[in-house]
Enquirer: 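To start, I am sharing the structure in question, which I have written as structure tokens.
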Number of protein chains: 2
Amino acid sequence: MAKTTIADVARLADVSASSVSNLLNGRSQRMRPATQERIQNAIEALGFTPSLAARQLKTGHSPFIGLIVPSVADPFFGCFARYVEEEASEKGYQVLLGNSDRNSDREKRYAEMLWGSGVRGIIFGSSLVKFDHLADLYREGMHFVSFYRSAHSGAQFIADSIGVDNIQATRLLTKHLLALGHRRIGFVSGPTDMICRLDRLEGFYKTLEEANISIDKQLVWEGANGDFGSTSFIELGRQGAHYLLSLSEPPSAIIAINDMHAFGVYAGARDLGVKVPEDLSVAGIDDIMLSAVSVTPLTTIKQPIRDIARLSVERLIDRLENDSAQEPVHLMLPSSLIVRESTSRYAGRPAR
Amino acid sequence: MAKTTIADVARLADVSASSVSNLLNGRSQRMRPATQERIQNAIEALGFTPSLAARQLKTGHSPFIGLIVPSVADPFFGCFARYVEEEASEKGYQVLLGNSDRNSDREKRYAEMLWGSGVRGIIFGSSLVKFDHLADLYREGMHFVSFYRSAHSGAQFIADSIGVDNIQATRLLTKHLLALGHRRIGFVSGPTDMICRLDRLEGFYKTLEEANISIDKQLVWEGANGDFGSTSFIELGRQGAHYLLSLSEPPSAIIAINDMHAFGVYAGARDLGVKVPEDLSVAGIDDIMLSAVSVTPLTTIKQPIRDIARLSVERLIDRLENDSAQEPVHLMLPSSLIVRESTSRYAGRPAR
DNA sequence: CCCTATTAGTGTAACGATACACTAAGTCTT
DNA sequence: AAGACTTAGTGTATCGTTACACTAATAGGG
């Protein structure tokens with residue numbers, strides 16, 4: 001119960017505390033194998049584990065990284081969090097989890113708590129358009145890796161980012177629906193406070209333009225801004241579907257900003273007796289686990305989430321350990337269209 | 001960039017470091033309001049945050065709690081993790097996340113890492129039947145709160161537990177199906193290495209017995225034990241459905257060990273052209289967010305997950321802060337049956 | 001107006017590990 | 001055999017905070 005210290009080990013092994021410390025820190029070439037073994041035995045006999053607090057106080061860094069996601073209850077971010085934790089754990093780091101609800105105040109408060117805890121690197125699962133709330137911490141020396149924050153943001157500083165090309169993602173989706181004959185395509189985006197959403201919307205608009213289809217702003221549902229945090233993505237998707245399907249000229253296909261919203265669109269369509277895919281094609285982005293096995297398997301864009309998680313952790317740890325003042329890194333991984341059963345050829349009539 | 005310390009604050013406010021420390025630790029009655037304000041201003045001017053490492057080294061405890069779940073990628077545990085984080089954050093604690101895949105070695109390794117990091121309390125989202133791998137840490141002084149570990153376990157020690165009555169849960173479900181006329185009821189449990197699963201199975205058996213229905217062990221699918229960790233709950237549910245629906249006398253209803261498995265059963269039924277609920281009734285346990293809005297909304301047992309999370313955090317922090325050597329606490333919260341559309345009256349024929 | 005309480009602070013020794021400069025032997029080299 | 005070098009360690013100050021024992025000054029009571 002009373003904590004065993006390096007001094008206890010030293011006493012038992014009949015060496016100085018310095019030698020124990022040397023062994024612990026890989027300077028084992030500085031002692032004879034016999035001494036090494038004696039220390040090793042003492043460590044095991046006492047069940048000694050070094051105090052991270054003391055170590056951190058002395059060395060100035062801790063084996064923790066922060067992970068801030070909108071909500072780990074969302075399957076996409078839950079999955080991301082899992083891979084991040086797995087990768088970090090393999091590299092000897094532990095993950096401190098925070099849920100931001102995409103609220104910049106919460107992000108800031110959380111990041112500051114982490115700084116106080118000695119954490120010097122944070123992975124963000126979301127990228128708010130506004131990033132300046134973290135500028136102070138960045139200047140103090142905090143490192144950030146953001147899931148998809150491309151270089152085009154006008155922030156006061158630029159963090160590393162890793163993700164997919166979101167413009168390309170919706171381009172693939174839009175082209176797919178156009179090829180199926182759809183001409184009135186709805187878009188359920190929710191609040192466009194994140195860069196990835198802005199880009200997804202842009203890919204959608206661009207592709208329509210290129211196909212010479214006039215853009216009807218009515219077909220883009222951004223949701224109510226107020227109650228965002230408390231309402232789940234599913235519920236938002238449902239509201240979006242209700243809105244779009246109640247238009248005087250409803251769309252025959254809907255792209256949702258992500259798969260959870262798409263499931264909400266399923267639910268909304270079902271509420272109104274609209275059948276997917278017969279009456280309405282639906283497509284999402286993310287390819288969460290459920291999308292493949294839902295009763296109507298969802299057409300979507302697969303994000304290489306495991307790779308993104310792995311690379312994010314690698315990037316962050318590299319920054320942490322070789323505090324290289326390199327240029328920020330922006331990686332864009334390929335994403336791919338996965339056609340399942342939720343999209344079908346335009347039946348020549350509106351959804352309802 | 002250079003860390004500001006309590007001494008910097010003291011210098012600026014023209015007081016001793018002790019006074020700053022006193023203010024920081026709520027002993028503000030020991031100084032005049034004017035002094036207090038001077039210190040406060042200095043803290044803000046310098047953007048000072050105390051070093052947790054130093055504080056921890058001195059006081060011996062850290063504002064961290066561990067959370068170990070099978071996988072945060074699973075929506076149920078993701079949701080649990082979110083509520084735990086929220087509650088902990090409100091109480092000034094931060095959450096260190098670990099994914100165990102329900103592997104006791106991983107649990108142990110993780111718990112030891114946490115101990116080394118100064119963490120003195122862990123919340124477990126799963127309760128392996130075997131618990132002894134944590135006995136050493138328990139003796140050293142680690143506190144555990146487990147999601148549902150009832151008193152009946154024959155472990156070397158007993159931790160606090162909070163959860164629902166799982167026997168009651170499957171009793172409600174089984175009675176519901178019996179009332180709908182089902183007599184051959186399948187059960188997709190997956191590996192029964194967790195206490196909650198054992199109890200759920202027990203509730204199922206007991207209720208059948210009470211109804212004088214002979215138990216056919218064939219109807220209980222426990223899955224392959226080997227590849228467990230890597231296979232998702234959905235995939236397991238699907239395999240279970242394939243197995244049960246291919247029996248010479250298939251069941252007309254299936255209870256799944258949780259909602260994710262139930263979605264897997266949906267998928268498995270769909271693979272074989274079996275319609276839910278017309279041909280097959282399906283019920284789950286958990287009531288995750290998706291269950292209410294899936295294309296066939298799922299009949300399930302609602303777990304008061306938010307309350308469980310809240311109480312778990314409260315319990316743990318109480319143990320941490322008032323190291324009361326009280327008796328272990330075992331709380332059982334009520335759960336309730338939620339009937340949706342995935343269960344229907346027995347049609348008088350087997351599923352296929 | 002002296003003695004005792006109270007108020008408003010301060011000084012110092014830890015907490016446990018580490019890095020660096022140091023030393024006392026032993027080993028080469030020529 | 002003397003000097004240089006290597007090996008195998010050790011001593012000590014330090015990281016930033018806190019708890020506790022301490023003190024100086026003011027206030028109150030008789």
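Lettering follows sequence order; numbering is per chain, from 1. This structure is a prediction, so every number in the text was calculated from the model and none was measured.
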Enquirer: Assign A:Arg55 to base, sugar-phosphate, or nothing according to its heavy-atom contacts below 4.0 angstrom with the strands shown.
Expert: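 If one applies the 4.0 Å heavy-atom cut-off, A:Arg55 turns out to touch the sugar-phosphate alone, with no base involved.
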Enquirer: Is it the case that D:dG11 (base atoms only) and A:Ser18 (side chain only) share a donor and an acceptor within less than 3.5 Å, ignoring hydrogens and angles?
Expert: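 Flag set: donor-acceptor pair detected.
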Enquirer: At less than 3.5 Å, do the side-chain atoms of B:Lys58 and the base atoms of D:dA19 form a donor-acceptor pair?
Expert: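 No pair found.
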Enquirer: Less than 4.0 Å between a side-chain N and a carboxylate O, is that true for A:Arg38 and A:Asp14?
Expert: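 Not counted as a salt bridge, because no side-chain N and carboxylate O are separated by less than 4.0 Å.
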Enquirer: At their closest point, which heavy atom of B:Glu112 faces which heavy atom of B:Leu137, and how far apart are they?
Expert: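 Looks like N-CD1, 3.8 Å.
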Enquirer: Counting only side-chain heavy atoms from C-beta out, which of D:dG16, D:dT18, C:dG9 sits nearest to B:Thr35?
Expert: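 Selected nucleotide (nearest to the side chain): C:dG9.
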Enquirer: When we call it a touch if two heavy atoms are under 4.0 Å apart, what does B:Ser19 touch: a base, just sugar-phosphate, or nothing?
Expert: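 Base, at least one base atom sits under 4.0 Å.
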Enquirer: Starting at CG of A:Leu46 and ending at C1' of C:dA17, how long is that distance when rounded to a whole Å?
Expert: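 Whole-Å distance recorded here is 16 Å.
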Enquirer: If you measure from the Lys or Arg side-chain nitrogens to the Asp or Glu carboxylate oxygens, is any gap between A:Asp160 and A:Arg319 under 4.0 Å?
Expert: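 A salt bridge is present here (some side-chain N lies under 4.0 Å from a carboxylate O).
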Enquirer: Do B:Glu107 and B:His133 have side-chain atoms, one donor and one acceptor, less than 3.5 Å apart?
Expert: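 B:Glu107 vs B:His133: donor-acceptor pair found between side chains.
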Enquirer: Reckon B:Val20 touches a base, only the sugar-phosphate, or nothing at all at heavy-atom distances under 4.0 Å?
Expert: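 Nothing, no nucleic acid heavy atom in range.
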Enquirer: Looking only at side-chain atoms of B:Ala54, point me to the closest of D:dA19, D:dT10, D:dG16.
Expert: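 Closest of the options to the side chain of B:Ala54: D:dG16.
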Enquirer: Within the structure shown, what part of the strands sits under 4.0 Å from B:Thr5 by heavy-atom distance: base, sugar-phosphate, or nothing?
Expert: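 Here B:Thr5 touches the backbone only, sparing every base.
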Enquirer: Starting at atom CD1 of B:Ile6, determine the distance to atom P of D:dA19, rounded to an integer number of angstrom.
Expert: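 After rounding, the reported distance stands at 10 Å.
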Enquirer: At under 4.0 Å between heavy atoms, what does B:Arg32 touch on the DNA or RNA strands: base, sugar-phosphate, or nothing?
Expert: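 Sugar-phosphate contact only - B:Arg32 comes under 4.0 Å of backbone atoms but never of a base.
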Enquirer: Side-chain N or O of A:Ser51 versus OP1/OP2 of C:dG16: is the shortest distance under 4.0 Å?
Expert: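 No.
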Enquirer: Give the nucleotide from the list C:dA21, C:dA17, D:dT18 with an atom nearest to the side chain of A:Arg30.
Expert: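 Between C:dA21, C:dA17, D:dT18, the one nearest the side chain of A:Arg30 would be C:dA21.
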Enquirer: Looking at the side chain of B:Leu57, which of C:dG16, C:dT10, D:dG9 is the nearest nucleotide?
Expert: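 Selected nucleotide (nearest to the side chain): C:dG16.
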Enquirer: Under 4.0 Å, heavy atoms only, any strand: does B:Asn25 hit a base, just the sugar-phosphate, or nothing?
Expert: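 Result for B:Asn25 = sugar-phosphate.
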Enquirer: Between B:Arg27 and D:dT18, does any side-chain N or O lie under 4.0 Å from OP1 or OP2?
Expert: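 False: B:Arg27 side-chain N/O out of range (4.0 Å or more) of D:dT18 OP1/OP2.
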